[in-house]
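The following block contains the structure, expressed as structure tokens.
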Amino acid sequence: MAFQRPSVSQLNLPNLHKKFLLASVFVVGAALLWPTQQEFSSQRIPVAIDIDSLLPHIAQQDSTLKIVKPTSPILDRVIQSGDTLSQLFELAGIDQRTMYKVLEADLEVLALDTLLPGNRIQFWDNANGELDKLELYFNPAHQVVFTRFEDGTYAVNDINIDGIWQNRIVGGEINGSFYVSAKKAGLSAAEIQKVESLLKSKLNFSRELHAGDTFSVLVNDQFVEGELTGMTTIEGIRINTSRRDITAFQNTDGNYYDIQGQSLTPAFQRVPLNRQYRLSSRFNPNRKHPITGRVRPHNGTDFATPIGTPVVAPGDGVVTLVTKHPFAGNYVVIQHDNKVSTRYLHLSKFLVKKGQRVTRGQVIALSGNTGASTGPHLHYEFIVNGRPVDAMKANIAEAKVLPKKQLQAFQALVKSRSMMMDLG
């Protein structure tokens, strides 16, 4: 039989007690149901949590967790005067055999030979202590990186950043010499030398310039992430004397002409030889190695010349490098008055010295078979703004006066730049 709880009215209690009990029940029920301003307790109730039971996999895998430390180069050095490549590799703890493998990769770039005081070099190793990466920092716009393949050879990446180019106009009056006046106005020594070199056939700076004559130079500077790279180009020159005006403007081919389109530099010959020789290998930036299949660019043009063939400068310039290389052999570099530099590899004999000024047609060396050469030949490179281009197709000034088709475009360029110079 089911048990039933008796009600208050059924309890055997006096009437007064029953009334009091009913009133108490009513008060307690009302208190429980009455709304409050804070429904939840503000006090935290401690609860025991078994982390191991909730996340057992963490406890099991804890022994396999590793802390990865940020990598850093084994040698980070700013090149000092007197540093040699062998010394730098020795400082980094990298053996000579590896150095020669890097030099072999550098054959088509030849960046290691151009390191100067102030440039930066960084060596990085791998877990086995082998050279994994080598970085050369020339300026914010130019870096060269060597990276290791699994077979121990190296790839080279020549990084040139275009950045942002900004014009500035530098000008003023002649007060004393042109050099002093231009230096005071803000031109560097190298820029002043460039102006004087371009106009030397048109103007005698020491005799024809007088106090009160004016000059204006349009300069283009390269910036990368707001930092000057040191790369600069003169795009326009105007010197006003009491007798005449002398002008020079850079055309899209990199060469300079006066306002009438007359060349201010001797015409540039396309081939640095006095005779025609067979092209044994053409310029090919996408050439692949026949065995590995990796891209190994051929950044020059090879001519099948017998040993001892005279090699001539294709244009006026200054010799910036005369050196020997285990793979490039004996080679020479010339910096020309425009944005062009030229290189000549595998020579048998040097006929010029570093710092020497040369003229178009001057014999600078004799061809040979030095370095990693498969036979007698001349390897010739044509480099514009730091980038190798095909010398057989490059847009070079081979004439004294711009042809009519090019003259119209050049004069429009001159007009635009002249307006900028007027504002300056």
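The shown structure was predicted, so the numbers you read here are calculated from the model rather than taken from an experiment.
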Under a 3.5 Å threshold, yes or no: a donor from one side chain and an acceptor from the other, between Thr233 and Asn220?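 No, no side-chain donor-acceptor pair sits under 3.5 Å.
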What heavy-atom pair brings Tyr331 and Leu347 nearest, and what distance separates the two atoms?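 Result for this residue pair: CA-CD1, 4.0 Å.
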Taking Ser418 for its side chain and Val414 for its backbone only, find out whether a donor-acceptor pair lies under 3.5 Å.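 Checking the backbone N and O of Val414 against the side chain of Ser418, a donor-acceptor pair under 3.5 Å is found.
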Quick one: CD1 on Ile237 to CZ on Phe215, what's the gap to the nearest 0.5 Å?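 Rounded to the nearest 0.5 Å, the CD1-CZ separation comes to 11.5 Å.
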Any sub-3.5 Å donor-acceptor pair from Asp213's side-chain atoms to His210's backbone N or O?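 Between the backbone of His210 and the side chain of Asp213 there is a qualifying donor-acceptor contact (under 3.5 Å).
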Looking at every non-hydrogen atom in both residues, tell me the closest pair between Val352 and Val322 and how far apart they are.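 Scanning both residues completely, I find the closest heavy atoms to be O-CG2, 3.9 Å.
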Ring geometry between His346 and His377 (parallel below 30°, tilted from 30 to 60°, perpendicular above 60°):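 Plane angle between 30° and 60°, so tilted.
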Give a yes or no answer on whether the side chain of Thr370 reaches the backbone of Ser348 with a donor-acceptor pair at less than 3.5 Å.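 Side chain of Thr370 to backbone of Ser348: no pair is present.
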Check whether any side-chain heavy atom of Leu116 lies under 4.5 Å from a side-chain heavy atom of Thr114, and answer yes or no.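 Not in contact.
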Say you draw a straight line from CG of Leu85 to OH of Tyr100; how long is it, rounded to the nearest 0.5 Å?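 One gets 9.5 Å once the value is rounded to the nearest 0.5 Å.
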Does the side chain of Leu279 reach to within under 4.5 Å of the side chain of Met392, using non-hydrogen atoms?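 Answer yes - side chains close enough.
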Might you work through the side-chain contact (heavy atoms from CB on, under 4.5 Å) test for Ile74 and Trp124, ending with a clear yes or no? CA-CA 6 Å; Ile74 54 175; Trp124 306 72; 6.0 Å; no
Between Phe283, Tyr277, Tyr344, which is the residue that forms a ring pair (Phe, Tyr, Trp, His ring centres under 6.0 Å) with Tyr380?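 By the ring pair (Phe, Tyr, Trp, His ring centres under 6.0 Å) criterion, Tyr380 pairs with just one of Phe283, Tyr277, Tyr344: Tyr344.
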Quick check for you: to the nearest 0.5 Å, what is the distance between Gln406 atom CD and Gln411 atom CD?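 Output value for this atom pair is 12.0 Å.
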Do Thr232 and Asp221 have a side chain donor and acceptor closer than 3.5 Å?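 Judged by distance alone, the side chains do pair up.
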So, the side chain of Asn126 versus the backbone of Gly129: is there a donor-acceptor pair under 3.5 Å, distance only?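 Looks like yes, one N/O pair under 3.5 Å.
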What's the separation between atom CG in Asn299 and atom CG in Asp158, rounded to the nearest 0.5 Å?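 Atom-to-atom, Asn299:CG and Asp158:CG are 8.5 Å apart.
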Between Gln408 (side chain only) and Lys404 (backbone N and O only), is there a donor and an acceptor less than 3.5 Å apart?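 Flag not set: sc Gln408 to bb Lys404 has no pair under 3.5 Å.
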Under 3.5 Å, is there a donor-acceptor pair between the Ser81 and Asp83 side chains?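 Absent: no donor and acceptor within the cut-off.
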Go through Thr214 and Asn240 one step at a time and tell me if the side-chain hydrogen bond (donor to acceptor under 3.5 Å, both in side chains) criterion holds. CA-CA 5 Å; Thr214 61; Asn240 307 105; 3.3 Å; yes
Closer than 3.5 angstrom, by distance alone: can the side chain of Gln80 be matched with the main-chain N or O of Val78 as a donor-acceptor pair?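 Such a contact is found between Gln80 side chain and Val78 backbone.
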Nearest-0.5 Å distance, CG of residue Asp125 to CG of residue Leu131: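 Asp125 atom CG to Leu131 atom CG measures 8.0 Å (nearest 0.5 Å).
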Take atom CD of Gln166 as the centre, draw a 6.0 Å sphere, and report whether it contains more than 12 heavy atoms from other residues, nucleotides or ligands.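 Counting neighbours around CD of Gln166, more than 12 heavy atoms of other residues, nucleotides or ligands fall under 6.0 Å, so yes.
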Can you name the closest pair of heavy atoms from Val224 and Gly163 and give their distance?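 Minimum heavy-atom contact is CG2-CA, 4.0 Å.
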Could you tell me whether the side chain of Thr309 and the main chain of Pro306 form a donor-acceptor pair under 3.5 Å?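 Checked: pair present.
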Side-chain heavy atoms of Ile364 within contact of Phe350, under 4.5 Å: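 They are not in contact (no side-chain heavy atoms under 4.5 Å apart), so the answer is no.
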Below 4.5 Å, heavy atoms only, C-beta onward: do Asp390 and Asn284 meet side chain to side chain?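 Heavy-atom side-chain distance check fails, nothing below 4.5 Å.
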For atom CG of Asn175, decide whether the heavy atoms of other residues, nucleotides or ligands shown that lie under 6.0 angstrom number more than 12.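 It does not: Asn175 CG has 12 such atoms or fewer within range.
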Have a look at His336 and tell me which of Asp316, Asn255, Thr342 forms a side-chain hydrogen bond (donor to acceptor under 3.5 Å, both in side chains) with it.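 With His336 as partner, Asp316, Asn255, Thr342 yield a single side-chain hydrogen bond (donor to acceptor under 3.5 Å, both in side chains), made by Thr342.
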Can you check whether Lys101's main-chain N or O pairs, donor with acceptor, with Thr153's side chain at less than 3.5 Å?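 Looks like no, no N/O pair under 3.5 Å.
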Please walk me through it: do Arg387 and Asp162 pass salt bridge (Lys or Arg N to Asp or Glu O under 4.0 Å)? CA-CA 11 Å; Arg387 291 181 171 88; Asp162 291 331; 3.1 Å; yes
Got more than 12 heavy atoms from elsewhere within 6.0 Å of CZ, Arg282?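 Open: at most 12 neighbouring heavy atoms sit under 6.0 Å from CZ of Arg282.
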Should Val195 and Ile234 count as side-chain neighbours, where that means a heavy-atom distance under 4.5 Å?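 Touching, per the 4.5 Å side-chain cut-off.
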For Ile164, does the CD1 atom sit with more than 12 other heavy atoms under 6.0 Å from it, leaving out its own atoms?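 Check fails, neighbour count at 12 or below.
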For the residue pair Ala111 and Asp106, what are the closest heavy atoms and their distance?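 In terms of heavy atoms, the two residues are closest at N-OD1, 2.9 Å.
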For Glu130, does the CD atom sit with more than 12 other heavy atoms under 6.0 Å from it, leaving out its own atoms?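 Atom CD in Glu130 is crowded, with more than 12 foreign heavy atoms closer than 6.0 Å.
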How close do Ile161 and Gln222 get, counting heavy atoms only, and between which atoms?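 Looking at all heavy atoms of both residues, the closest pair is O-NE2, 3.1 Å.
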Could you please spell out the steps behind the side-chain contact (heavy atoms from CB on, under 4.5 Å) verdict for Ile334 and Thr320? CA-CA 6 Å; Ile334 298 176; Thr320 57; over 6 Å; no
To the closest 0.5 Å, what do you measure between OG (Ser341) and CG (Leu321)?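 Going from the OG atom of Ser341 to the CG atom of Leu321 covers 11.0 Å.
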Does the distance from a Lys or Arg side-chain N to an Asp or Glu carboxylate O, for Asp422 and Arg238, drop under 4.0 Å?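 Result for this pair is yes, salt bridge flagged.
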Under a 4.0 Å N-O cut-off, is there an ion pair linking Glu108 with Arg296?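 Result for this pair is no, no salt bridge flagged.
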Count the heavy atoms belonging to other residues, nucleotides or ligands that lie under 6.0 Å from CD of Gln276, then report whether that count exceeds 12.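 Counting neighbours around CD of Gln276, 12 or fewer heavy atoms of other residues, nucleotides or ligands fall under 6.0 Å, so no.
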Side-chain touch His325/Leu103, heavy atoms, less than 4.5 angstrom: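 With C-beta onward as the side chain, the pair touches.
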Output yes when a side-chain donor or acceptor of Gln335 lies under 3.5 Å from a complementary backbone atom of Val340, and no otherwise.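 A pair under 3.5 Å: yes.
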With heavy-atom distances below 4.5 Å as the criterion, would you say the side chains of Val311 and Val363 are in contact?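 Heavy-atom side-chain distance check fails, nothing below 4.5 Å.
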Is there a donor-acceptor contact under 3.5 Å from the side chain of Glu191 to the main chain of Ser188?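 Answer holds: yes.
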Single hit among Arg244, Arg243, Lys200, Lys202 for salt bridge (charged side-chain N to carboxylate O under 4.0 Å, His left out) with Glu208: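 When salt bridge (charged side-chain N to carboxylate O under 4.0 Å, His left out) is applied between Glu208 and each of Arg244, Arg243, Lys200, Lys202, only Arg244 qualifies.
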With a 3.5 Å cut-off and no angle check, do the side chains of Asp258 and Gln262 form a donor-acceptor pair?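 Short answer, no.
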Mind running side-chain contact (heavy atoms from CB on, under 4.5 Å) on Lys183 and Ile192 for me, showing each step along the way? CA-CA 8 Å; Lys183 188 77 172 176; Ile192 296 170; 4.1 Å; yes
Quick check, are the ring centers of Tyr257 and Phe410 under 6.0 angstrom apart?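 Between Tyr257 and Phe410, the centre distance is under 6.0 Å.
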Considering non-hydrogen atoms only, spot the tightest contact between Gln250 and Arg417 and give its length.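 That closest heavy-atom pairing would be O-NH1, 2.6 Å.
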Test of ring centre spacing under 6.0 Å for Tyr179 and Phe205: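 Not close enough - the centres of the two rings lie 6.0 Å or further apart.
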Close side-chain approach of Arg77 to Leu88, heavy-atom, < 4.5 Å: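 Yes - at least one pair of side-chain heavy atoms lies under 4.5 Å apart.
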